[in-house]
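Indexing begins at 1, ligand by ligand and atom by atom, following the structure's order.
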Amino acid sequence: MKSNSWQDLVATATLDTQTSRPNISIIIPVYNEEENLENLQARISEILEEIKIDYEIIYVDDGSRDNSFMLLEKLAKKDSRIKLIKFRKNHGQTAAMSAAIDVAQGEIIIPLDADLQNDPRDIPNLLDKIAEGYDVVSGWRRARQDTFITRKLPSMMANRLISSVTGVYLHDYGCSLKAYRADIVKNVRLYGEMHRFIPAFCALEGARVTEIPVNHHPRVAGKSKYGLSRIVKVFLDLMVVKFLGDYAKRPIHVFGTIGLILCFGASLAGVATLYDKFIHEVYVHRNPLILLAVFLFLVGVQFIMVGLIAELIIRTYHESQGKKTYTIAKTVNLPSNSNP
Ligand code: UDP
Ligand code: MG
């Protein structure tokens with residue numbers, strides 16, 4: 001037997017069964033996937049029974065308009081480890097994942113798509129990596145079964161860009177199949193369509209992130225829920241991620257720096273105006289540089305003001321919700337509630 005494998009996780013699971021806490025939580029967003037659900041459930045439980053791990057499967061019905069939820073209820077009736085959340089309307093894959101992460105009880109959380117494009121047989125490999133000490137293991141669809149021009153090419157470019165901007169180098173941010181240590185991923189708050197950036201957010205919290213190749217199958221039933229518009233969204237989201245990563249706790253540094261640079265430009269233009277006046281005898285009101293000086297100064301001051309307001313906002317954000325500006329991995333000889 002390999003050391004550091006999922007078998008070790010199973011061994012520690014015996015402790016957890018006393019508190020009936022499952023060892024892993026599989027989370028699955030579902031939006032109009034009626035053709036896939038039974039098959040999916042069969043494949044997941046087959047592999048999980050095989051590796052004899054304690055588990056729960058949380059399906060989130062994201063406002064499906066087909067029979068998805070009815071089918072899920074049927075599955076849940078047969079097995080209490082299958083847990084369901086039903087949204088009143090479609091909130092998107094990110095919200096669905098958040099809802100599942102919030103209620104998940106497992107130590108390790110593994111998201112999976114409902115469309116059978118991910119292969120549950122990769123789960124033991126992900127768990128092996130977690131057992132090696134990683135907090136996040138990202139699936140990499142090395143042989144991705146999607147169209148090249150509309151899917152694989154934009155995704156390849158997006159992954160390069162995201163990796164270089166965030167400094168977390170992964171080949172496949174878009175692959176849903178990943179494994180997260182629950183204590184890390186539960187700290188990540190997700191908005192919009194940010195589920196793609198979870199590994200980057202986890203890395204910001206100090207997580208150890210790695211990746212392994214996983215299988216990928218073509219979608220055989222149901223339709224993909226995304227079009228090309230996601231390219232723009234990913235790009236904009238990336239700007240938010242970069243900003244949050246670098247400056248969320250000190251916004252005045254970014255706004256203030258821009259503001260000061262603009263004010264410096266304003267002073268240069270102002271000095272040039274005075275120079276023209278006293279040396280070349282150009283009337284100030286005839287010199288366009290004065291306009292530049294005033295314009296840069298006003299915009300610069302605005303930037304600094306926005307930075308100050310952002311500083312107020314982050315204080316409200318952290319203090320009103322009792323959020324800490326840090327995360328603690330472990331404490332020694334301190335009461336456990338000093339851990340946020
Ligand atoms: N999904 C969802 N809500 C949405 C869109 C998608 O819950 O608004 C689910 C969908 O049912 C699937 C997963 O998210 O389980 C990934 O969606 P899809 O397969 O359409 O994405 P693709 O593989 O084409 O990128
Ligand atoms: Mg898919």
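The protein heavy-atom contact nearest to atom 20 (O) of ligand 1 is Lys225 N, 2.7 Å. In this structure, atom 14 (O) of ligand 1 lies nearest to the protein heavy atom Gln93 CD, 3.2 Å. Scanning the protein for heavy atoms near atom 7 (O) of ligand 1, the closest one is Pro29 CB, 3.3 Å. Remark: minimum distance from atom 8 (O) of ligand 1 to any protein heavy atom is reached at Asn90 ND2, 3.1 Å. The nearest heavy-atom contact from the protein to atom 4 (C) of ligand 1 is Asp62 OD2, 3.4 Å. With respect to atom 1 (N) of ligand 1, the closest heavy atom belonging to the protein is Tyr31 CB, 3.8 Å. Residue, atom and distance of the protein heavy atom nearest to atom 17 (O) of ligand 1 are Tyr226 CE1, 3.9 Å.
Around atom 15 (O) of ligand 1, the closest heavy atom drawn from Ser155, Ser64, Ser224, Ala114 belongs to Ala114. One option in Lys223, Gln117, Arg141 has a heavy atom closer to atom 23 (O) of ligand 1 than any other, and that option is Gln117. Between the choices Val30, Asp113, Asp146, the shortest heavy-atom distance to atom 16 (C) of ligand 1 belongs to Asp113.
Each of the atoms 3 (N), 8 (O) of ligand 1 lies under 4.0 Å from some heavy atom of Gly92. Applying the 4.0 Å criterion to heavy atoms of Arg219 picks out, from ligand 1, the atoms 18 (P), 19 (O), 20 (O). Counting atoms of ligand 1 from 1 in the listed order, those under 4.0 Å from a heavy atom of Asp115 are 19 (O), 23 (O). For ligand 1, the atoms sitting less than 4.0 Å from at least one non-hydrogen atom of Glu33 are 10 (C), 11 (O), 12 (C), 15 (O), numbered in the order shown with element in parentheses. Applying the 4.0 Å criterion to heavy atoms of Arg230 picks out, from ligand 1, the atoms 25 (O).
No side-chain heavy atom of Ile27 sits under 4.5 Å from any side-chain heavy atom of Val60. Tyr31 is not listed as a side-chain neighbour of Gln93, based on a closest heavy-atom distance of 4.5 Å or more.
Taking the ring axis of Tyr173 as reference, the NZ or CZ atom of Arg196 does not stay both within 45° of it and closer than 6.0 Å to the ring centre.
Expressed to the nearest 0.5 Å, how far OG of Ser98 lies from NE2 of His195 amounts to 10.5 Å.
In this structure, Leu126 and Ala179 approach most closely via the heavy-atom pair CB-CB, 3.9 Å.
Between His285 and Tyr283, the ring planes are parallel. Angles under 30° get that label, and only those over 60° would be called perpendicular.
Salt-bridge formation is detected for the pair Arg141/Asp172: a Lys NZ or Arg NE/NH1/NH2 atom is positioned less than 4.0 Å from an Asp or Glu carboxylate oxygen. Salt-bridge annotation for Arg43 and Glu38: absent, with no side-chain N of the basic residue lying under 4.0 Å from a carboxylate O of the acidic one. In this structure, Arg121 pairs ionically with Glu50, as a charged nitrogen and a carboxylate oxygen lie closer than 4.0 Å.
The local environment of OH in Tyr226 is crowded, with over 12 non-hydrogen atoms from other residues, nucleotides or ligands closer than 6.0 Å.
Seen from the Mg ion (ligand 2), atom OE1 on Gln117 and atom OD2 on Asp115 lie at an angle near 90° (rounded to 10 degrees).
If you look at Arg151 next to ligand 1, the close heavy atoms, those under 4.0 Å, all belong to the side chain. At a 4.0 Å heavy-atom cut-off, ligand 1 does not touch His91 at all.
Among residue pairs with one or both ends in residues 70-79, those qualifying as side-chain hydrogen bond (donor to acceptor under 3.5 Å, both in side chains) are Asp79-Arg81; sequence neighbours excluded.
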